[in-house]
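Here the structure is laid out as structure tokens; the discussion comes afterwards.
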Amino acid sequence: MSELARKSCVPCAAGAKPLEGKALESLQEELGGGWSVMDGHHLEKEYRFKDFAGALAFTNRIGQVAEAEGHHPDIGLSWGKVNVTIYTHKIDGLTESDFVLAAKFDEVDA
């Protein structure tokens, strides 16, 4: 289990600012796993599966993780793939919790 995946998502403090610069780069490097930081605003990743049933089952599993963490990504399900977009809506940008959730998703049995 990665260090990020061992952490828990935490709500933003009032007045929190989105990550940028070295802090953002450091977390992106730590996360790895095919995640992309898009425009410094959100994380994206596409997971591939051999069929719709596998993609649906994965969607349900990561949905359970998201619910347990109280942090809810945008999830797109289609035949053989699941697209995930993660960011903190409250601040319209990225926090450490976004990277934590992404790491937890990568630990879900695909």
Checking Lys104, Gln28, Glu30 against Phe99 for side chain to side chain contact (heavy atoms under 4.5 Å, CB included), the one that qualifies is Gln28

For the backbone of Ser2 and the side chain of Glu107, can you confirm whether one donor and one acceptor N or O come within less than 3.5 Å of each other?
yes

So if you build clusters from Ile, Leu, Val, Met, Phe, Trp, Tyr with side-chain heavy-atom gaps below 4.5 Å, do Met38 and Phe105 land together?
no

Kindly give the heavy-atom pair with the smallest separation between [X] and [Y], and that separation in Å.
| X | Y | result |
| --- | --- | --- |
| Leu19 | Glu96 | CD1-N, 3.7 Å |
| Ala103 | Ala5 | CB-N, 3.7 Å |
| Ile86 | Val84 | CG1-CG1, 3.7 Å |

Please report the C-alpha distance between Leu31 and Leu43 in whole Å, then the side-chain angles of each, then the deciding distance to 0.1 Å, and finally whether the side chain to side chain contact (heavy atoms under 4.5 Å, CB included) criterion is met.
CA-CA 10 Å; Leu31 177 60; Leu43 295 169; 4.2 Å; yes

Let me see the working for Val100 and Val10 under side chain to side chain contact (heavy atoms under 4.5 Å, CB included), right down to the final yes or no.
CA-CA 10 Å; Val100 168; Val10 295; over 6 Å; no

Could you tell me which residues satisfy salt bridge (charged side-chain N to carboxylate O under 4.0 Å, His left out) with Lys90, sequence neighbours excluded, listed by chain and number?
none

Side chain to side chain contact (heavy atoms under 4.5 Å, CB included), that's the test. Do Phe49 and Leu56 meet it? Break it down for me.
CA-CA 9 Å; Phe49 301 88; Leu56 177 60; over 6 Å; no

Pairs flagged by side chain to side chain donor-acceptor pair (under 3.5 Å) wherever residues 66-75 is involved - sequence neighbours left out:
Glu67-His72, His71-Asp98

Candidate pair Lys17 and Ile91, rule side chain to side chain contact (heavy atoms under 4.5 Å, CB included), full reasoning
CA-CA 7 Å; Lys17 302 282 186 213; Ile91 63 166; over 6 Å; no

Nearest-0.5 Å distance that lies between atom NE2 in His41 and atom OG1 in Thr88
9.5 Å

Nearest-0.5 Å distance that lies between atom CG in Asn83 and atom CZ in Arg48:
8.0 Å

Plane angle bin for Trp35 and Tyr47 - parallel if under 30°, tilted between 30 and 60°, otherwise perpendicular:
perpendicular

Flag yes if more than 12 heavy atoms outside Glu20 fall under 6.0 Å of its CD atom; otherwise flag no.
no

